[in-house]
Trainee: 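This structure is in structure tokens; I'll ask about it shortly.
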Amino acid sequence: MKIALITGILGQDGPYLAKLLLEKDYKVYGLISRYSNPNFSNLDFLGITDRIEYMQGDLTDECSLINIIKNIRPNEIYNLAAQSFVGASWDQAKLTTETNSLGVLYLLNSIKLYSPETKFYQASTSEMFGNSQINGEQNEDTPFCPRSPYAISKLYSYWLANNFKESYGIFCCNGILFNHESPIRGKEFVTRKITDAVARIKLGLAKEIRLGSLDSKRDWGFAGDYVKAMHLIMQQSQPDDFVIATGVNHSIRDFCEIAFKYAGIDDWEKYVVIDPRFKRPADLFALKGNAQKARKILGWEPEVSFEELVKMMVDADLNRYKK
Ligand code: NAP
């Protein structure tokens, strides 16, 4: 039986990945920080809370990581933990850097010293490309040009994973994932913010939604599809980096329109207020990934369409509020 350690187990991707690995008969450990009240709601949503063994530790606490890795010597570590909200990374740049950059250094040092056979997956991000493009798309050869403290912190880890691979022969891979969403996406992220507001407006619990822009375009996929790519990346004979994306992008306006109309609100624009407080100091105009390498080498394909994703999220939020 393979053993996996997932950091960020309480977030969005952690539960989807854990479910996939449990289905493949892995023993799954989840790293959780010390909370007086840990929030298991995302794992509950997928019905797997009791099937994971929790290890207390924190990415910013090197000793806790050493102890865990030394004790369980996992076959695979999926590092999904992060301060992952781009918007917060300007206000909390130090926390973002300590978690997303130094945390990865601590993990990799622990692997190098105590479990060098462990394979390591780093959750890299399309944000590292900034506005840089080749033919209107981003792939593994597109130059990086990060535009937020978040993207910069992730770029450090991207290079660190590559450096530990080259310097010490550790099996380190980067999944450069474009935006992926689900019904358990954090409510601060624009997609979930929209579907949550649509549900509340529909049920008479709210009157408006405030957004920074409707024009930014993102390549949005479904988290359940993307964790399959993470696992495939780790099963290759050689460690490598892969862009994971749908290859289609949509504006926030498109997302709003589908979400509101699906809930039966056709005159949706009157509920949307553009609020400069939500504008970012530096934003990305359009992200669109080219995942040809993943399609060819991993045989990976996204299964859930953009429209299906939006509807799935609206349904889930409507159900939550109806309950
Ligand atoms: P998420 O929902 O924000 O989950 C991240 C998890 O990391 C949270 O459970 C968080 O715990 C935990 N965490 C934060 N700081 C920690 C620390 N110091 N020690 C231990 N755990 C800590 O993110 P996600 O959407 O699942 O994304 C997973 C990873 O993929 C992240 O690294 C993200 O940056 C990256 N990524 C995501 C996307 C996307 O579109 N979702 C795209 C590209 C890359 P708390 O909840 O307690 O803070």
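Note that ligands are numbered from 1 as they come in the structure, with each ligand's atoms numbered from 1 the same way.
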Trainee: Assign the ring pair F144 / W159 to parallel, tilted or perpendicular, where the plane angle (0 to 90°) is split at 30° and 60°.
Mentor: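 The arrangement is perpendicular - the two ring planes meet at more than 60°.
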Trainee: State, without any angle test, whether D317 and T195 hold a side-chain donor-acceptor pair at a distance under 3.5 Å.
Mentor: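 Short answer, yes.
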Trainee: Near N179, which atoms of ligand 1 are under 4.0 Å from a heavy atom of that residue?
Mentor: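 Those of ligand 1 that fall under 4.0 Å from N179 are 40 (O).
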Trainee: Below a 4.0 angstrom heavy-atom separation, can you tell me which part of S33, side chain or backbone, both or neither, approaches ligand 1?
Mentor: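 The answer is the side chain of S33.
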Trainee: With heavy atoms of D58 as the reference, note each atom of ligand 1 found under 4.0 Å away.
Mentor: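 Near D58, the atoms of ligand 1 are 17 (C), 18 (N), 19 (N).
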Trainee: Once rounded to the nearest 0.5 Å, what's the spacing between atom CG of L287 and atom CG of N249?
Mentor: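 The CG atom of N249 is 8.0 Å from CG of L287, to the nearest 0.5 Å.
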Trainee: Considering only non-hydrogen protein atoms, determine which one is nearest to atom 2 (O) of ligand 1 and report residue, atom name and distance to 0.1 Å.
Mentor: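 Of the protein heavy atoms, Q12 N, 2.9 Å lies nearest.
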Trainee: Under a 4.0 angstrom heavy-atom cut-off, which atoms of ligand 1 come close to A123?
Mentor: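 Those of ligand 1 that fall under 4.0 Å from A123 are 29 (C), 30 (O), 32 (O), 35 (C).
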Trainee: Can you confirm, on distance only, whether ligand 1 has an N/O atom lying under 3.5 Å from any N/O atom belonging to N79?
Mentor: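 No.
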Trainee: Where does Y35 meet ligand 1, judged by heavy-atom distances below 4.0 Å: at the side chain, the backbone, both, or neither?
Mentor: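 Near ligand 1, Y35 shows its side chain, while the N, CA, C and O stay back.
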Trainee: Could you check atom 16 (C) of ligand 1 against the protein and tell me its nearest heavy-atom contact, residue, atom and distance included?
Mentor: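 Here the closest protein heavy atom is T99 CG2, 3.8 Å.
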Trainee: I'd like the name of whichever of A245, A82, G8, S153 reaches closest to atom 13 (N) of ligand 1 through any heavy atom.
Mentor: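 Answer by nearest heavy atom: A82.
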Trainee: Quick one: pull up NZ in K293 and CD1 in I244 and give me the separation to the nearest 0.5 Å.
Mentor: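 Reported value, rounded in 0.5 Å steps: 9.5 Å.
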Trainee: Can you report which non-hydrogen protein atom sits closest to atom 41 (N) of ligand 1, along with the distance?
Mentor: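 Protein heavy atom with the smallest distance to atom 41 (N) of ligand 1: R185 NH1, 3.0 Å.
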Trainee: Report the nearest protein non-hydrogen atom to atom 40 (O) of ligand 1: residue, atom name, distance rounded to 0.1 Å.
Mentor: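 For this ligand atom, the closest protein heavy atom is H180 N, 2.9 Å.
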Trainee: Specify side chain, backbone, both or neither for E127, according to which of its non-hydrogen atoms lie closer than 4.0 Å to ligand 1.
Mentor: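 Neither; no heavy atom under 4.0 Å.
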Trainee: How close does the nearest protein non-hydrogen atom get to atom 3 (O) of ligand 1, and which residue and atom is it?
Mentor: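 The answer is S84 OG, 2.5 Å.
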Trainee: Give the contacting part of F85 toward ligand 1: side chain, backbone, both or neither, where contact means a heavy-atom distance below 4.0 Å.
Mentor: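 No part of F85 is near ligand 1 at this cut-off.
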Trainee: Among I176, N100, D13, whose heavy atom sits nearest atom 24 (P) of ligand 1?
Mentor: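 The nearest heavy atom belongs to D13.
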Trainee: Evaluating non-hydrogen atoms only, which member of S124, G57, G11, P15 is closest to atom 44 (C) of ligand 1?
Mentor: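 Closest candidate by heavy-atom distance is S124.
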Trainee: Taking the six-membered ring for Trp, are F178 and Y226 closer than 6.0 Å centroid to centroid?
Mentor: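 Aromatic pair excluded; centres sit 6.0 Å or further apart.
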Trainee: Give the residue, atom name and distance (to 0.1 Å) of the protein heavy atom nearest atom 31 (C) of ligand 1.
Mentor: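 Heavy-atom neighbour on the protein nearest atom 31 (C) of ligand 1: L80 O, 3.1 Å.
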Trainee: Please report which non-hydrogen protein atom sits nearest to atom 43 (C) of ligand 1, along with the residue it belongs to and the distance in Å to one decimal place.
Mentor: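 Minimum-distance protein heavy atom for atom 43 (C) of ligand 1 reads L177 O, 3.1 Å.
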Trainee: Would the distance check show the side chain of T246 and the main-chain N or O of G221 forming a donor-acceptor pair, the cut-off being under 3.5 Å?
Mentor: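 Pair absent, no side-chain N/O of T246 close to backbone of G221.
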Trainee: Under a 4.0 angstrom heavy-atom cut-off, which atoms of ligand 1 come close to Y150?
Mentor: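 Per the distance check, 33 (C), 34 (O), 35 (C), 36 (N), 44 (C).
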Trainee: Among side-chain atoms of Y26 and H231, is any donor-acceptor pair under 3.5 angstrom?
Mentor: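 A pair is found: one side chain offers a donor N or O, the other an acceptor, under 3.5 Å apart.
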Trainee: Should K94 and E98 count as an ion pair when the cut-off is N to O under 4.0 Å?
Mentor: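 Judged by the 4.0 Å cut-off on N to carboxylate O distance, K94 and E98 do form a salt bridge.
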Trainee: Using a 4.0 Å cutoff against the non-hydrogen atoms of L59, which atoms of ligand 1 qualify?
Mentor: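 Here the atoms of ligand 1 in question are 17 (C), 18 (N), 19 (N), 20 (C).
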Trainee: Is it true that the side chains of N42 and Y16 contain a donor and an acceptor less than 3.5 Å apart?
Mentor: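 Judged by distance alone, the side chains do not pair up.
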Trainee: side-chain contact (heavy atoms from CB on, under 4.5 Å) with S157: which of V104, N79, T125, N162?
Mentor: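 Result for side-chain contact (heavy atoms from CB on, under 4.5 Å) with S157: V104.
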Trainee: Between the side chains of Y262 and D315, does any donor sit under 3.5 Å from an acceptor?
Mentor: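 A pair is found: one side chain offers a donor N or O, the other an acceptor, under 3.5 Å apart.
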Trainee: For Q83, is at least one N or O under 3.5 Å away from an N or O on ligand 1?
Mentor: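 N/O-N/O distance under 3.5 Å: no.
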Trainee: Students should be able to answer this: which protein heavy-atom is nearest to atom 22 (C) of ligand 1, and at what distance?
Mentor: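 I find the closest protein heavy atom is A81 CB, 3.7 Å.
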Trainee: If we count only N and O atoms by modelled type, under 3.5 Å, do the side chains of Q12 and S182 hold a donor and an acceptor together?
Mentor: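 Yes - a donor-acceptor pair under 3.5 Å links their side chains.
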Trainee: Does the side chain of D215 pick up a donor-acceptor pair with the side chain of S213 at under 3.5 Å?
Mentor: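 No, no side-chain donor-acceptor contact under 3.5 Å.
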